[in-house]
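Accompanying notes for the structure given below.
Throughout, protein chains are lettered first and strands after them, A, B, ... in sequence-line order, and every chain is numbered starting at 1. These values consider heavy atoms only, across backbone and side chains, with no hydrogens, waters or symmetry-generated copies. Keep in mind that this is a model prediction, so the values were computed, not measured.
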Amino acid sequence: MSGRDYLGEFEQVVLLALLRLKDEAYGAAIHREILDTTGRDVSIPAVYVTLKRMEKKGLVASSVDSAGGGGRGRPTRDYRILPAGQEALMRSREILESLWDGADLPASEGAP
Amino acid sequence: MRPPPPRLPRTLVGLVVSAEDRAYILADLDERYWQIVETRGRSAARRWYWWQALRVAPLLRDVRDPGRVAPWDGVAAELRQSLRSLLRRPLYTLGVAGTLGLGLASASTVGVVAWRVWLSPLPFPDPDRLVRIYELQTEGDRGNAGPRRWRLSPPLVHDMQRHTWRTLSDVASVSTINYDWSGADGVSRLSGLTVSPALFRILGLPPAVGRTLTDDETLAEAVLSEAFWVRAFGGDPSVVGREIVLDAVPHRVVGVVRLPAGYPPAADVVTAAHVEEDQLREGMRGARYLDVVARVRPGFSARDAAAEVDAFVSSLGETQPQHAGWGGEAVVLAEDLMGPYQGVLTLLMAAGVAFLILAAVNVAGLVASRRVEGQGETAVRRALGASGGRLLRQWAIESLLIGTLGGLLGLVGAYWLLAPVRRLVPQNVPRAEDVGLDPAAGAWIVLAGIVIGAVVGTLGHVTARSSSDTRRLVGAGRGGTVPLRGRRLLVVGQVALSTLLVTGGTVTLKDILLLRSVETGFRAEGVQATPLVLGQGAYPTPEAALTFWRQLLEGLEARGLEAAVGVNPPMAGSNMNFGFRTDAAAEEGHGQYHSVSRGYFSALGIEVIEGRAFTDADHESSAPVVIISEALAREHFPEGSAVGQELQVVATPRTVVGVVASTRHFGPGQGPPPELYVPLGQDPWTLSHVLLKTTRDDAAVTLAAVVEGIDPDVAVAPPHPYARFLSDWYAPLRMRLVIVGTLALVGMALAGLGIYALVAYHVSMRRREIGIRMALGAPDGTVFRGVVGQGSAMALAGVTFGLAAWYAVLPAIRERVETVSPTGLAVPAVVAAVVVGVAIVATVVPARRSTTIDPAVSLEVQ
């Protein structure tokens with residue numbers, strides 16, 4: 001497995017947000033989902049940068065409604081995850097799980 | 001309704017992202033913005049939006065279509081390249097940035113001083129309705145042409161405060177006083193103001209703590225200034241209600257007030273000016289020493305008030321002989337405070353602005369000549385495919401860098417210039433202590449440098465490009481001369497301006513030297529002085545005060561010190577203009593009043609011209625006597641001797657026993673006023689200067705010991721050399737000299753740089769011509785002389801215009817600035833020599849380079 005296939009941490013966060021949002025995955029919604037579930041106040045430009053990079057890699061696809069004639073009444077760019085993206089996400093999870101397997105955290109001193 | 005998202009960051013995002021992404025990204029940002037407004041409030045949402053906008057940059061790099069070239073492509077590389085190119089030519093870089101910095105520093109120094117001292121409004125509500133009142137002498141003293149302003153006497157203020165005014169709501173007097181404060185740590189000296197309680201209403205000064213003073217005359221109350229309250233009581237609010245002992249009289253502290261800089265004079269404590277019977281004697285109508293301010297009622301102008309005040313004082317003249325022939329005046333306080341300085345400041349402002357313009361022009365000139373020299377480099381870049389726009393951008397970046405450096409140099413320069421200027425601004429200039437650089441002013445200076453540098457530098461590049469176009473040089477040949485002629489005129493203008501300034505500086509220097517040789521009528525050398533104030537509580541009667549002064553003089557003499565006491569000594573800053581009346585001619589006049597001890601004339605070296613000085617025989621129970629100054633004697637007793645004549649001085653008939661030399665009471669710049677001296681024993685005051693004719697180091701210790709021995713509650717400051725009064729007097733002149741001198745130096749430097757830049761530019765432009773001439777065998781000297789001659793011609797033209805301008809503006813300057821002496825021929829000659837000398841030096845450097853031109857190389861380049 002090459003390094004290129006491995007998802008960055010923020011890429012995983014964004015992909016998981018896409019999965020959770022299903023058909024409602026556009027910039028503002030993704031931003032809020034990440035904030036609500038992880039507490040991380042990332043910037044919307046950062047989200048788009050990541051999405052565009054993953055789109056180039058074929059992990060996600062997007063459709064633009066630039067006139068705003070769609071359901072939300074304003075211009076949006078909706079994202080959905082592609083099979084390659086799902087696969088990459090799964091692989092990342094497996095890697096982490098296999099690493100966690102057998103990794104014992106020493107009890108921290110002074111912990112209750 | 002939903003609040004609109006902040007416009008500026010939204011625009012920023014819109015500018016940065018590509019057109020196809022713009023709509024939905026902005027829509028996303030707006031949606032989140034409104035959600036955050038609901039959950040965390042509008043200001044948090046605005047902050048969030050800004051934060052988003054500032055993080056939009058990565059989107060650029062990643063999102064942008066790789067085929068499209070954005071205008072900021074390669075900016076970083078060009079920045080590095082420009083930086084390297086500037087660092088390779090440190091002299092050029094420093095020269096251009098330094099020129100800009102010089103202009104900025106001088107303009108901003110002048111600007112800061114003018115703004116703080118003059119332009120920023122007084123911190124009072126409706127400052128335009130605050131007026132200061134003067135009594136106006138329209139006729140009277142012989143030999144004085146035109147009306148003269150005087151302050152007001154206590155009886156006149158009393159009358160005014162009882163009068164019902166149509167145009168004025170309140171009238172208040174202000175006078176300064178020193179108090180001995182008996183605090184926990186012993187007695188210390190406080191500066192105080194005694195004011196009519198209405199002053200707080202007039203100025204609109206609210207109490208910071210407690211209340212201000214009331215009109216109840218039975219109360220001894222004090223208001224503390226905020227600065228003193230913090231310094232002495234640590235800002236403890238419980239001080240209000242306590243008693244403090246001022247001049248041995250307990251005063252109740254009723255409040256704390258922040259006294260603004262500028263007006264009234266700075267003070268630690270403010271007490272109410274209660275009018276005492278003694279001050280309302282008719283004889284006191286000639287004691288014009290109170291500063292009076294008033295507030296004009298809404299609906300009336302200062303002019304209306306002036307008319308009413310004039311009518312009031314004039315009508316008093318019908319019943320009071322002391323006001324006969326007098327009128328009144330009301331002038332806007334702010335204008336009155338700044339009046340004496342307005343002229344100097346106007347001139348300085350004009351010079352500051354002119355410098356900035358000249359600096360900008362010179363920057364353009366230097367950049368242009370550099371660009372012509374670097375033509376090869378540009379040609380290579382063009383050949384390599386750099387577009388015109390790209391070259392322009394490169395120049396803009398270079399200019400921006402130079403502008404930034406120039407702005408920083410200007411900031412440092414202004415900082416350096418302001419420190420001595422602040423020290424030199426005389427203490428009595430209102431708000432002088434406010435003069436300083438705050439971060440906002442500093443930021444403006446740097447910003448101005450960046451903007452001017454960028455714009456002017458780019459212009460310099462552009463003009464050089466258009467005028468050095470190869471086709472024009474080779475073909476029409478003289479295409480470049482049109483902008484050159486304009487620039488030559490500008491250089492002449494610069495030389496003219498600096499000539500004007502150098503002349504101003506030289507004249508100021510000459511004034512100072514002339515005034516130094518003026519006979520003051522007294523000798524300050526070897527005299528030490530200190531003011532001493534006796535508390536009115538401990539010394540309520542003239543007899544008590546007299547006893548103290550006698551004991552003091554005896555004590556000092558017993559210790560071998562030649563000492564004297566005197567009220568209102570020359571040049572100490574006091575002005576006691578008292579009225580008198582001659583019996584013989586029934587003439588009225590005014591003179592500086594002094595109450596002095598026996599040794600006063602000898603201590604100050606004031607010569608007795610006729611009759612005698614005071615002796616121990618002139619005491620409280622002997623016949624009332626007076627000694628007058630030569631100026632008074634000449635004016636009122638022009639024929640025969642004044643000795644033996646009778647004078648009514650403040651309602652007391654006195655016999656003239658002596659005539660002494662006149663002193664320049666107000667300094668060397670003004671003629672000696674008439675003066676009246678009465679013996680200490682016949683009019684002992686509770687405040688006086690102690691004069692010690694000694695150079696002994698222990699004078700201060702001895703004085704303190706003697707005072708302590710008589711009354712430990714009297715505070716006395718160590719005496720200072722009397723000469724300090726003179727140096728204080730010279731302070732404004734020195735300030736003028738330093739400011740005008742600095743501006744003249746800056747002007748000379750700028751003019752020199754301007755000549756240098758122009759001649760260098762010209763030499764670069766004429767490389768081909770010079771090359772041909774040298775190839776045809778012209779000797780080096782001819783070419784060199786030609787170039788120098790050109791520079792000198794500009795310098796001479798500039799000097800001529802400058803001197804002409806000096807004589808043209810001289811009457812206007814004389815009107816605004818006192819003590820400008822007529823200019824003879826020596827000053828212009830010296831100035832012309834200096835300016836032309838500098839100009840020649842500035843042309844020699846580029847001229848020398850012209851002789852090193854190798855004909856083969858210079859022709860090949862073309």
Side-chain angles (χ1 to χ4, degrees), chain A residues 4 7-11 13-15 17-18 21 23-80, chain B residues 1-68 70 72:
Chain A
R4 189 178 296 178
L7 289 175
E9 189 257 0
F10 190 56
E11 286 174 325
V13 169
V14 174
L15 285 178
L18 289 190
L21 287 164
D23 294 339
E24 283 294 311
Y26 62 99
I30 299 167
H31 178 263
R32 192 176 51 192
E33 183 68 20
I34 293 172
L35 179 64
D36 290 351
T37 51
T38 70
R40 282 169 66 176
D41 196 356
V42 299
S43 73
I44 289 183
V47 171
Y48 274 115
V49 168
T50 308
L51 283 169
K52 294 217 163 194
R53 192 165 57 235
M54 292 196 292
E55 192 168 14
K56 236 182 261 174
K57 289 194 225 166
L59 304 177
V60 296
S62 68
S63 54
V64 181
D65 171 12
S66 54
R72 281 188 283 277
R74 65 153 179 95
T76 45
R77 187 169 188 138
D78 281 275
Y79 282 90
R80 63 202 148 77
Chain B
M1 226 185 87
R2 290 190 301 197
R7 199 180 303 161
L8 195 56
R10 198 172 191 276
T11 313
L12 195 69
V13 173
L15 281 174
V16 169
V17 300
S18 65
E20 69 251 39
D21 291 334
R22 192 172 301 139
Y24 68 86
I25 289 185
L26 287 177
D28 281 332
L29 285 169
D30 293 351
E31 181 179 323
R32 287 297 288 139
Y33 170 77
W34 287 313
Q35 285 166 353
I36 293 169
V37 167
E38 274 165 31
T39 54
R40 284 155 56 195
R42 191 161 169 198
S43 56
R46 289 176 71 88
R47 277 199 301 278
W48 176 84
Y49 210 114
W50 269 105
W51 187 75
Q52 300 291 317
L54 295 175
R55 270 152 191 77
V56 82
L59 206 54
L60 273 173
R61 209 175 46 231
D62 255 65
V63 176
R64 217 178 46 232
D65 173 1
R68 220 177 98 207
W72 46 81

Rounded distance [0.5 Å steps], [atom1] in [X] versus [atom2] in [Y]:
X     : Y     : atom1 : atom2 : value
B/T39 : A/L35 : OG1   : CG    : 8.5 Å
A/Y48 : B/D28 : OH    : CG    : 3.5 Å
A/D41 : B/Q52 : CG    : CD    : 7.0 Å
B/E31 : A/I44 : CD    : CD1   : 8.5 Å

Practice task
Give the minimum heavy-atom separation between A/P75 and B/A27, together with the two atoms involved.
Solution key: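 Reported closest heavy-atom pair: O-CB, 3.5 Å.
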Practice task
Would you mind reporting whether B/Q35 and A/H31 have side-chain heavy atoms less than 4.5 Å apart?
Solution key: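 The answer is no, as the side chains (C-beta and beyond) never meet within the 4.5 Å cut-off.
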Problem - A/R74/B/D30 salt bridge by N-O under 4.0 Å criterion - result: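 Not counted as a salt bridge, because no side-chain N and carboxylate O are separated by less than 4.0 Å.
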Handout entry: Most contacts with chain A, counted as non-hydrogen pairs under 4.5 angstrom, among B/V13, B/L29, B/L26
Key =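 Most heavy-atom pairs under 4.5 Å with chain A: B/L29.
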Handout entry: By side chain to side chain donor-acceptor pair (under 3.5 Å) - contacts of A/E9 (at least two apart)
Key =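 In terms of side chain to side chain donor-acceptor pair (under 3.5 Å), with neighbours along the sequence ignored, A/E9 is linked to A/R40.
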Problem - By ring pair (Phe, Tyr, Trp, His ring centres under 6.0 Å) - contacts of B/Y49 (at least two apart) - result: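 With sequence neighbours excluded, B/Y49 shows a ring pair (Phe, Tyr, Trp, His ring centres under 6.0 Å) to B/Y33, given in chain and number order.
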Practice task
For atom CZ of A/R80, decide whether the heavy atoms of other residues, nucleotides or ligands shown that lie under 6.0 angstrom number more than 12.
Solution key: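 It does not: A/R80 CZ has 12 such atoms or fewer within range.
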Problem - Crowding at CG, A/D23 (>12 non-hydrogen neighbours, <6.0 Å) - result: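 12 or below, so no.
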